[in-house]
Number of protein chains: 2
Amino acid sequence: MTVLQNIKLAVDAVVFGYTSKEGLSVLLIKRKVAPFEKTWALPGGLVRDHESLEEAVERELKEETGISINYLEQLYTFGQPQRDPRNRVVSVAYYGLVKPDAFEIKANTDASDAAWFNVENLPPLAFDHRDILQQAIKRLQGKIIYEPIGFELLDKRFPFSELEKLYQTVLGRPLDRRNFKKKILKFGFLEETTEKQQLEGAGRPGNLYQFNEKKYFQLKKEGINFEL
Amino acid sequence: MTVLQNIKLAVDAVVFGYTSKEGLSVLLIKRKVAPFEKTWALPGGLVRDHESLEEAVERELKEETGISINYLEQLYTFGQPQRDPRNRVVSVAYYGLVKPDAFEIKANTDASDAAWFNVENLPPLAFDHRDILQQAIKRLQGKIIYEPIGFELLDKRFPFSELEKLYQTVLGRPLDRRNFKKKILKFGFLEETTEKQQLEGAGRPGNLYQFNEKKYFQLKKEGINFEL
DNA sequence: CCAAAAGTGTTGGTAGTACACCCATGA
DNA sequence: TCATGGGTGTACTACCAACACTTTTGG
């Protein structure tokens, strides 16, 4: 009754980056081997025997894209028998967020076969990676409205309008500027600094804000919960 | 650089049942082999080469407990290297819901090594199954307030008070009877039947209600979303 | 007639939404 | 001085929470 199992275990990562200019982007690599040679794919690969799944994701990201990530969460495990045309490969997908500096650096390193793509304008993808990506976007949209993970996509200090644009981009709908600001500030984990925004072009520069993570966790323990 | 991978892939299932008498319960099996021989554990086992993860869960549930399930959803994948003391086993955990008839039948089949336990009163569990179970309960609590999956734990027809008690049990807090009923009925996917509840003991019998799944999906498509 | 469970409506508070004008800066 | 983006307050509405008495049935 015992059957030898011949299933491989992989991890894949959907890494999101954001700038107000380029919108919401995702990190892809160009495959060098069959199957799907020269097709764009999510970074990822087989898990090693003695590493945790998170370690595997972080290792693969470093190997394939040179990037290191500051927010990582398990998304879903994809296990349809035919998702890889050769062997049975089950993949645990993660999604992660990087801050604009990491994003900008790699966006310009065009010698590599890693590149950022706007989520509205994706190339054909290998395997079932399109499904994985769709699901990651849905999860991000769902999560960003009840946990303040949006800050992981912004610089440490940012003008308030950046946060607002980020939410509008991710959620795909316009938000009222005044109501949004009231709602966010009400929670009390955003600090206004005295530093002013460097505006390119005209316009009145605004103050920069920063997310106070400690205050957030403290407030959360006291039973305050972020929502929209 | 290519390394032979020696990781086994399993599935585990957290199956919930509910009756107002016995509260929220979970289905466990007593292990017959080492490690953790004679310890209670979640039903589950290794995935076969050509079956999907969902098929594996359903097969294991049938083999080990004789139960078949009517709601099943992936929970999380547990992959810490040391979670199984012998080999590396990564487990994709699912959670499922069964209706009271299935629940009652197996609860009385005490010859088997499968049994139901109230979630407030669990035995020691094998592996990291306690963590998995905790996470499943949290997920159920989170999900039941924005998707009407509670009906999967009730008979096809049920008195309104059953639904109310279920929510109070799962969420662990009292709910106002009138407000709860207003809120639920407002959505329009619950149908009142003319049939009356069979009350054991005294009390005024109430009408039975049933969930209209078609109406629910239709309403959902039109953009109505259930919440609390 | 007593105990148990079900049925039912109103009111007050609060949080959310809609909405428009002025200010600071660079070109 | 014009164009661009930032900053700010109020009024209305709609939803939610709190709350108690009456009815039907079994014992």
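Each chain gets a letter, A, B and so on, in the order the sequences are listed, and its residues count up from 1. Just so you know, these numbers use all the heavy atoms, side chains as well, and skip hydrogens, waters and symmetry mates.
For A:Ser161, a side-chain nitrogen or oxygen approaches OP1 or OP2 of D:dG6 to under 4.0 Å. Proximity of A:Lys183 to the phosphate of C:dG16: no side-chain N or O atom is located under 4.0 Å from OP1 or OP2. Regarding contacts with the backbone of C:dG16, every side-chain N or O of A:Lys182 stays at 4.0 angstrom or more from both OP1 and OP2.
The interatomic distance linking A:Lys196 (NZ) with C:dT25 (P) rounds to 8 Å, in whole Å. The distance between atom CD of B:Gln197 and atom P of D:dT25, rounded to the nearest whole Å, is 12 Å. A:Arg204 places its CZ atom 15 Å from the P atom of D:dG5, with the value rounded to the nearest Å. Between A:Phe180 atom CZ and D:dG6 atom C1' the separation is 15 Å, expressed in whole Å. Residue A:Glu200 contributes atom CD, which lies 16 Å from atom C1' of D:dA3 at whole-angstrom precision. Per the geometry, CG belonging to B:Asp176 stands 17 Å off P belonging to C:dG12, to the nearest Å. For B:Phe226 and D:dC15, the CZ to P distance is 17 Å, given to the nearest whole Å. Between A:Ile184 atom CD1 and D:dT8 atom C1' there is a gap of 17 Å when expressed in whole angstrom units.
Checked by distance alone, A:Arg178 brings no side-chain donor or acceptor within 3.5 Å of a matching partner on the base of D:dG7. Checked by distance alone, B:Asn179 brings a side-chain donor or acceptor within 3.5 Å of a matching partner on the base of D:dA18. Contact annotation: side chain of B:Arg177 to base of C:dG7, donor-acceptor pair present below 3.5 Å.
Where B:Ala202 and A:Tyr209 each meet DNA chain D at their nearest nucleotide, the meeting point lying more 5' is that of A:Tyr209. In terms of position on DNA chain C, the residue among A:Leu199 and A:Lys186 whose nearest nucleotide sits closer to the 5' end is A:Lys186.
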Verdict with reasoning, A:Glu54 to A:Tyr94, per side-chain hydrogen bond (donor to acceptor under 3.5 Å, both in side chains): CA-CA 8 Å; A:Glu54 288 79 10; A:Tyr94 281 76; 3.0 Å; yes

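Taken from OG1 in B:Thr169 to OH in B:Tyr18, the straight-line distance is 4.0 Å, to the nearest 0.5 Å.
For the pair B:Glu63 and B:Arg59, the salt-bridge criterion is met [side-chain N within less than 4.0 Å of a carboxylate O].
Side-chain proximity of A:Lys181 to the nucleotides C:dT25, D:dG7, C:dT8 is greatest for D:dG7.
When only modelled atom types and interatomic distance are considered, B:Lys196 and B:Asn207 share a side-chain donor-acceptor pair under 3.5 Å.
Counting non-hydrogen atoms of neighbouring residues, nucleotides and ligands closer than 6.0 angstrom, the CD atom of A:Glu213 reaches no more than 12 such neighbours.
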